Amino acid sequence: MDFKTTLVAKTKKAISDLYSIDDFSIDFEKTNPNFSGDVTLVVFPLLRYSKKGPEETANEIGAYIKKELDQIYDFNVVKGFLNIELTDSYWLDILKKNIDIGVQIPNIGANQKVVVEYSSPNTNKPLHLGHIRNNVLGYSICKIYESAGYEVIKNNLVNDRGIHICKSMYAYLRFGNHETPESSGVKGDHLVGKYYVEFDKNYQKEVQELVDKGMDSDEAKENAPSMVATREMLKKWENGDPETLSIWKVMNAWVYEGFDETYRRLGVSFDKIYYESDTYLLGKKIVQEGLERGVFFRKPDQSIWIDLTEDGLDEKIVQRSDGTSVYITQDIGTADLKYSEFSMDKFIYVVGNEQDYHFKVLQRILKRLNKPYADGLYHLSYGMVDLPEGKMKSREGTVVDADELIAEVVSTAKKQTEELGKTEGMNTDELTELYETLGLGALKYYLLKVDAKKRMLYNPSESIDFQGNTAPFIQYTYTRIASLLRAADQIKFEYPLLLHPTEKDLIKNMHAYPESVLASIRSNNPSEVANSVYEIAKGFNKFYHEISILGEDDSNTRFFRIALSDMVGKTLKHGFSLLGIEMPMRM
RNA sequence: GGUUCCAUAGCUCAACCGGAUAGAGCAACGGUUUUCUAAACCGUAGGUUCCAGGUUCGAGUCCUGGUGGGAUCACCA
């Protein structure tokens, strides 16, 4: 039994002995740093039983449990707060256990399977900053679940078909002059993206011309020649026209090559990739079944709907009057496919919050269809990334391109490192790797440290500032530890009897780490891990600054501090691995 | 307009179930290097937690109403 359980049990016993009650619950919380103590019991809710003032009640309980538990060094009472200070030997025991078994996250996910769908790009344009947030979040949440014993399937659903893909294809055929990534030297996804933009420019021009001739604007949008041709192309694609399929395959292959490079650099990967071109028809059968069972209904024009007004949602179309499926139908189909393949307990979609309504509807529909996996569906909804000048818009060219951004943070890392000039003796390969580790670390951490569901601002100058709450700060802390360990020839020691305050703080922070991982799972939000790691790093730098480690004369104390530092380093590295960030050995 | 999310220091973000004197980083100002890496450390200053009510021992957190902002409400994906 761990100490917290014992503490709660003893305290409950104290309260029921003192005030003769038995049906109540209590909980301890961390003591506010402004007061002395480690854990705190708020006694206000107990006053109605004790019928005494808050101070007196707290003092009575404190005196009772102090006698009962050796781990309690002392207690103090401020108003209705009973602050309990634990002994150094208690914290040393915690540390010892930590050092003996290493960083351990409670195994709460044994025999549970989670499918995490993330990334899910369109193959008509390159990735941008919003995609980076998606990828980094998705990958991190996978790592976090894995650390607690879940079996995780990293899943990507590639949106490789549809009218938007045809737009790039149309523009390429018309303006492309057979250029290829090889001939132009442009990365495949960027090349295709170029024609997507090209399409839009030409399309706008055509619309304008029609409007100038007196056509209504909506009508012009429908009748612009390039739009008509693109719709025609989509039909050909759906009918399996060989020529259309062939150009589609070629262009998609270029995009995949480009994406793979970006994925590799971001350090994300997938266990299972679905392509929408394979799955987009899957939902239709389920729609038919649902129709027969009366979950869906048909309107006079033959379109099929579901009525969700009882759930506070609207009616939603699931099949068009011409018999083709809509987006949500595909999602129903793919959900079913995934369940038949993986029988997962939990199914996380990492998708932006502009689709909150969509996923609410999807879950309701799956429930109405009595799908067993409906309850396990979770939409990890994250906020948009804003730019200081406003929101990103592909059309206006105000997107932050993923590849450019990565190149920029890496080159900043290089510049910073060179200015500090501490990398003597490292060869070119090592340096390249270091810049990559620092630059990408900074970028990922910048995106992961804020609450996933919140909208956030991307500030270019701040993201490449490597001071304060940043990945390089934590990486720097790690290299300090690595350097200590290199200097230590051996680590043999007895645990001391007393702790320096900064040592105790470090132990407390490390003790809180596994709990933060569980909190990240509960909230599906890696920022809790990021914040916990930051606290530990900050604590270490204070410790490092205040007391000497290698310079300590007493060899036992010296080795103890090295072992403590080692443990801090391991915890930092563990935390960063859950965020998908590497640790350098030197910087 | 309906639904929904958000609003905390000059800026970017924290604050576990409702708990004490709301915390960090950046920016500003001042300090620390004969000492294990100064990408560090210490200090000063900075707040009517959007507004008005309510619930209670206690509200940034919960409820109601307002103000401001985002998203969504397609036979698009």
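Convention: sequence-line order gives letters A, B, ...; per-chain numbering from 1. In this text, all values refer to a predicted model and were calculated from it rather than measured experimentally.
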Going by ring centres under 5.5 Å and near-parallel planes (under 30°), is A/Y476 stacked on B/A40?
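Stacking is absent between B/A40 and A/Y476, given that the ring centres and planes do not meet under 5.5 Å and under 30°.
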Is the ring of A/Y357 stacked on the base of B/A71, with centres less than 5.5 Å apart and planes under 30° off?
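It does not: the ring fails the test against the base of B/A71.
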With rounding to whole Å, what would you report as the distance between [N] and [M] at their [atom1] atoms?
N     : M     : atom1 : result
B/A45 : B/C5  : C1'   : 35 Å
B/C11 : B/U55 : C1'   : 35 Å
B/A59 : B/C51 : C1'   : 16 Å
B/A9  : B/G47 : P     : 10 Å
B/C26 : B/C62 : P     : 30 Å
B/A52 : B/G10 : C1'   : 27 Å
B/U34 : B/U49 : C1'   : 48 Å
B/G25 : B/U64 : P     : 37 Å

What's the [atom1]-[atom2] distance between [X] and [N], to the nearest Å?
X      : N     : atom1 : atom2 : answer
A/E29  : B/A20 : CD    : P     : 8 Å
A/M456 : B/G70 : CE    : C1'   : 16 Å
A/K30  : B/C16 : NZ    : P     : 10 Å
A/F35  : B/G19 : CZ    : P     : 14 Å
A/F473 : B/A24 : CZ    : P     : 13 Å
A/F359 : B/U3  : CZ    : P     : 23 Å

Closest-nucleotide mapping onto RNA chain B: is A/F543 or A/S527 further toward the 5' terminus? I mean the 5' end.
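The residue closer to the strand's 5' end, by nearest nucleotide, is A/S527.
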Pick the nucleotide of RNA chain B nearest each of A/T477 and A/I549; which residue has the one closer to the 5' end?
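Checking each residue's closest nucleotide, the 5'-ward one belongs to A/I549.
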Pair A/E515 + A/R522, salt bridge at N-O below 4.0 Å
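A salt bridge links A/E515 with A/R522.
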Parallel under 30°, tilted from 30 to 60°, perpendicular over 60°: which one fits the rings of A/F199 and A/Y170?
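Ring orientation of A/F199 relative to A/Y170: perpendicular.
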What class does the angle between the rings of A/F560 and A/F493 fall in, given that below 30° is parallel, 30 to 60° is tilted and above 60° is perpendicular?
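A/F560 and A/F493: perpendicular rings.
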Is any N or O donor-acceptor pair between the side chain of A/T40 and the base of B/A20 shorter than 3.5 Å?
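Check passes, donor-acceptor contact within cut-off.
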Let's test your reading of the model: under 3.5 Å, does the base of B/A27 pair with the side chain of A/D465 as donor and acceptor?
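No, no donor-acceptor pair under 3.5 Å.
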Pick from A/N59, A/I61, A/V77: which one makes a side chain to side chain contact (heavy atoms under 4.5 Å, CB included) with A/V43?
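That would be A/I61.
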May I ask you to evaluate whether [X] reaches the phosphate of [N], defined as a side-chain N or O under 4.0 Å from OP1 or OP2?
X      : N     : answer
A/K449 : B/A24 : no
A/S483 : B/C36 : no
A/K316 : B/A74 : no
A/K538 : B/G25 : no
A/R320 : B/C76 : yes
A/K542 : B/A40 : no
A/R480 : B/C41 : no

Across all strands, who's sitting opposite B/G18 as a Watson-Crick or G-U wobble pair, both distances under 3.5 Å?
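B/G18 is paired with nothing.
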Any base atoms under 4.0 Å from A/L457, or only sugar-phosphate, or nothing? Heavy atoms, all strands.
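Since only primed, P, OP1 and OP2 atoms lie under 4.0 Å of A/L457, the category is sugar-phosphate.
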Examine the side chains of A/N541 and A/R480 and answer whether a donor and an acceptor come within less than 3.5 Å of each other.
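Their side chains do contain a donor-acceptor pair, which is all the 3.5 Å distance test asks for.
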Ring-face cation contact, A/Y19 with A/K51, 6.0 Å cut, 45° max:
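Geometry flag: not set, cation outside 6.0 Å or 45°.
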